[in-house]
Number of protein chains: 4
Amino acid sequence: MLDVETAPRSRMNKDLRREAILTEAIRALSEKGYHGFSINELARRCGLTTAGILHHFGSKQGLLIALLDMRDRLDQQAILPLLAPEDRRVPSTRDSCLTTLRAIMARNAEQPEIIRLYAILRTEAVVPDHPAFTFFRTREMAVLNVFRDMVSDLVPDPLSTARQILALIGGLEMQWLRESRIFDLVAEWDSAISKILPPPS
Amino acid sequence: MLDVETAPRSRMNKDLRREAILTEAIRALSEKGYHGFSINELARRCGLTTAGILHHFGSKQGLLIALLDMRDRLDQQAILPLLAPEDRRVPSTRDSCLTTLRAIMARNAEQPEIIRLYAILRTEAVVPDHPAFTFFRTREMAVLNVFRDMVSDLVPDPLSTARQILALIGGLEMQWLRESRIFDLVAEWDSAISKILPPPS
Amino acid sequence: MLDVETAPRSRMNKDLRREAILTEAIRALSEKGYHGFSINELARRCGLTTAGILHHFGSKQGLLIALLDMRDRLDQQAILPLLAPEDRRVPSTRDSCLTTLRAIMARNAEQPEIIRLYAILRTEAVVPDHPAFTFFRTREMAVLNVFRDMVSDLVPDPLSTARQILALIGGLEMQWLRESRIFDLVAEWDSAISKILPPPS
Amino acid sequence: MLDVETAPRSRMNKDLRREAILTEAIRALSEKGYHGFSINELARRCGLTTAGILHHFGSKQGLLIALLDMRDRLDQQAILPLLAPEDRRVPSTRDSCLTTLRAIMARNAEQPEIIRLYAILRTEAVVPDHPAFTFFRTREMAVLNVFRDMVSDLVPDPLSTARQILALIGGLEMQWLRESRIFDLVAEWDSAISKILPPPS
DNA sequence: TATGAATGAGCTTTCATTCAT
DNA sequence: TATGAATGAAAGCTCATTCAT
């Protein structure tokens with residue numbers, strides 16, 4: 001019997017393999033959402049079997065959880081230093097706010113796939129039995145709190161302002177994606193935030 | 001044996017039936033998105049067969065199209081009068097802008113399921129082969145245009161302002177859904193729009 | 001494209017199809033038991049798709065239930081007349097007992113597959129979460145009651161006698177199956193029952 | 001990071017481990033039969049990997065064979081002394097028969113799981129391609145022979161009597177299991193055997 | 001205006017097994 | 001003495017769809 005193109009059954013280091021899978025999973029998930037994507041297709045894209053995927057993550061849901069865990073770690077690593085470069089305290093001057101938020105937007109603008117991933121999961125996850133429901137609920141409350149503290153010395157309504165900032169981030173990113181990124185996301189952000197945090201007269 | 005316990009076999013008027021199906025479809029779609037929902041389950045929820053659904057809409061995609069058509073008509077009916085009550089021209093004073101936008105938000109706040117429907121479809125539809133891709137692309141460009149014209153006499157950067165308005169609408173609605181509607185969406189809107197369209201000094 | 005042996009998609013009457021499936025299911029189940037048999041293979045043996053089977057019975061468990069229902073009806077039809085030919089009252093003379101039991105054994109001897117079906121399901125079903133647990137529990141209690149009433153005028157310990165009769169039926173049938181039916185089941189039965197219900201001296 | 005929470009990693013003696021696995025296997029097999037049980041689940045219950053199980057027994061079938069071997073040895077050890085306490089010859093008086101059989105039943109009554117194991121395997125194994133087919137065929141012929149010799153001086157039809165004894169053992173045990181062991185198996189046995197081996201008048 | 005039978009493709013998951021470590 | 005990665009096959013089941021009635 002001819003050995004017709006049986007893949008070399010490449011044996012990989014555990015962490016490497018997991019990471020490779022999760023990277024591909026981001027693409028798949030960001031295209032179809034949790035309900036729409038299939039680990040079958042993911043496996044194909046990764047060059048291994050469905051059973052191979054499940055060997056690493058146990059179940060479709062397990063895969064999602066692992067993915068969110070990883071993203072959380074990465075985001076934490078990237079955002080925390082921004083929030084408090086030297087003394088790790090939440091910033092409070094208008095300038096530091098602007099710098100921080102701008103940095104966040106600039107970073108996001110470089111990974112549109114992640115934006116799309118979060119956009120779709122976050123939206124799916126408003127219904128309570130979605131496996132990422134708690135994740136996004138918790139995360140967005142935390143973000144809201146950080147933003148609120150960040151602007152607490154600058155505006156009379158810190159929570160509402162925090163909501164507006166969060167809304168604008170998500171909303172502008174969405175438009176940016178829909179319009180195939182033809183406009184300058186960071187420039188648009190600057191325009192927006194300047195109205196929410198107006199310069200001291 | 002007599003056919004005693006067959007369901008009422010509601011032989012319905014065609015249009016009524018279609019509408020009933022679409023109403024149920026909104027719930028299903030808003031929970032799982034286009035990829036995640038199934039016409040099988042929809043049929044069950046409607047009390048008819050999968051083939052019955054298909055009889056009316058031809059295919060899953062046909063159902064979505066029909067649904068978007070219907071929503072478009074309804075939205076048009078509701079929004080157009082708001083935009084130009086007496087002379088159907090786009091308004092331009094700050095007050096009329098605020099009134100219009102407030103009315104939109106107030107209306108949305110009364111139909112959270114529709115909000116969720118649009119939120120999820122809009123997000124799924126950023127990828128070009130989604131059946132609602134064109135719909136949302138077109139619609140959001142149109143909305144952006146309307147908003148831009150609406151504020152063209154009030155701000156120096158009408159398109160950016162339009163973007164910010166659109167972003168805030170979507171973003172605040174999303175927070176509102178995620179937090180189980182515990183805050184006052186319209187009040188939050190008033191706070192937000194007052195920063196985007198500041199009162200003349 | 002060549003139409004390579006696509007089966008004619010034979011469209012059958014509902015009840016006929018169900019019966020055909022159930023008949024095949026008996027063979028499959030009697031060979032492997034509920035856990036061991038697969039509706040996949042059953043479908044193949046029936047010349048239709050797995051989905052086709054499930055269209056009729058909903059699930060593997062549904063199929064088993066339907067099968068047991070059918071068997072119950074058939075057995076009732078066959079056994080009841082035996083138990084009380086003319087007046088439908090439970091018999092009580094030794095002769096009528098012997099006649100009845102002999103008829104049961106003779107009937108069983110003609111359908112070894114059914115014997116094997118019951119043997120395996122009955123055994124699997126001693127564990128409470130088996131889908132046929134209740135069925136066999138109920139059925140055997142009923143049978144025990146019938147036997148007990150049947151012999152109540154003939155022996156001092158009717159329930160124990162009933163147990164012995166039931167045990168002998170099942171046990172001898174099992175030996176008969178294992179030994180490829182090389183001995184005469186009915187003759188062996190006669191020998192056995194004559195010790196349990198000895199002739200009046 | 002220190003490898004803090006790794007399980008005790010019980011590096012076990014080979015024979016001990018095999019025995020431990022087989023003990024768990026009895027539970028699993030007695031619940032689902034050979035076709036229904038899975039070495040995956042067995043592994044989980046044993047606290048080791050599927051590959052771990054396979055390391056010891058080679059294959060699922062190998063495991064079953066090993067299990068039957070072990071049981072055979074244990075049963076032999078327990079039953080042989082009963083059959084011929086002092087001179088290892090088959091007993092022949094009615095009293096010694098009764099004693100022996102009673103001892104067997106008493107022993108069985110103490111290990112219901114084993115009863116269930118044999119019940120299900122024995123039943124599955126009537127079909128010739130079952131891996132335990134030969135085992136049970138051989139074993140039951142042997143048992144039948146022993147019983148026949150045992151009663152050869154007491155009854156006119158020793159083989160039939162042997163069949164009846166074997167049938168009653170299995171049948172009463174089955175009822176006992178199904179009825180959650182609420183009746184006294186040994187007492188019921190005494191009643192049954194007294195009819196098969198009636199006291200000399 | 002719908003249903004009912006049936007399908008092909010796909011889903012998530014489990015299974016027994018192999019092989020290198 | 002075991003594990004860990006990986007697989008091919010199969011499991012039960014759901015999906016969207018077709019077609020005759």
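Proteins get letters first, then strands, A, B, ... in listed order; numbering begins at 1 in each. Quick caveat: nothing in here was measured; it's all calculated off a predicted structure.
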Could you pick out which residue, A:I53 or C:Y34, lies toward the 5' side of DNA chain F when each is mapped onto its nearest nucleotide? A:I53
When the nearest nucleotide of DNA chain F is assigned to A:G52 and to D:G47 on a heavy-atom basis, which residue is associated with the more 5' position? D:G47
Rounded to whole Å, how long is the line connecting atom [atom1] of [X] with atom [atom2] of [N]?
{"X": "B:F37", "N": "F:dT14", "atom1": "CZ", "atom2": "C1'", "result": "14 Å"}
{"X": "D:K32", "N": "E:dT14", "atom1": "NZ", "atom2": "P", "result": "12 Å"}
{"X": "D:F57", "N": "E:dA16", "atom1": "CZ", "atom2": "C1'", "result": "16 Å"}
{"X": "B:H35", "N": "E:dT12", "atom1": "NE2", "atom2": "P", "result": "14 Å"}
{"X": "D:N13", "N": "F:dA2", "atom1": "CG", "atom2": "P", "result": "9 Å"}
{"X": "D:H55", "N": "F:dT3", "atom1": "NE2", "atom2": "P", "result": "9 Å"}
{"X": "A:L54", "N": "F:dG8", "atom1": "CG", "atom2": "P", "result": "15 Å"}
{"X": "C:L63", "N": "F:dA11", "atom1": "CG", "atom2": "C1'", "result": "15 Å"}

Which of these nucleotides, [options], is closest to any side-chain atom of [X]?
{"X": "A:L48", "options": "F:dT7, F:dA5, F:dT3", "answer": "F:dT7"}
{"X": "B:A51", "options": "F:dT18, E:dA16, F:dT14", "answer": "F:dT18"}
{"X": "D:S38", "options": "E:dC15, F:dC13, F:dT1", "answer": "E:dC15"}

Side-chain N or O of [X] less than 4.0 angstrom from OP1 or OP2 on [N]?
{"X": "B:T50", "N": "F:dA16", "result": "no"}
{"X": "D:H56", "N": "F:dT1", "result": "no"}
{"X": "A:N40", "N": "E:dG10", "result": "no"}
{"X": "C:R17", "N": "E:dA6", "result": "yes"}

Could you check whether [X] gets within reach of a base, just the sugar-phosphate, or nothing at all, counting any heavy atom under 4.0 Å?
{"X": "C:I39", "result": "sugar-phosphate"}
{"X": "C:S59", "result": "sugar-phosphate"}
{"X": "B:R44", "result": "sugar-phosphate"}

A cation-pi test, strictly: NZ or CZ of B:K60 under 6.0 Å from the centre of the six-membered ring of B:Y34 and no more than 45 degrees from its axis. Yes or no? yes
Is the terminal nitrogen or CZ of D:R139 (NZ for Lys, CZ for Arg) located under 6.0 angstrom from the six-membered ring centre of D:Y118 and within 45° of that ring's axis? yes
Are the side chains of C:R116 and C:L29 in touch, meaning some heavy atoms are under 4.5 Å apart? no
D:L64 vs D:L121 side-chain heavy atoms within contact, under 4.5 Å: yes
Salt bridge present between C:R27 and C:E24 (N-O < 4.0 angstrom): yes
Can we say A:E31 and A:R45 salt-bridge, meaning some charged N sits less than 4.0 Å from an Asp/Glu carboxylate O? yes
Result for 5'-nearest mapping on DNA chain E, choosing between C:T49 and B:T49, is B:T49
Using heavy atoms to find the nearest nucleotide of DNA chain E for A:E41 and B:K14 separately, return the residue whose nucleotide is more 5′. B:K14
Both distances under 3.5 Å, Watson-Crick or G-U wobble: report the partner of E:dT3, or none. F:dA20
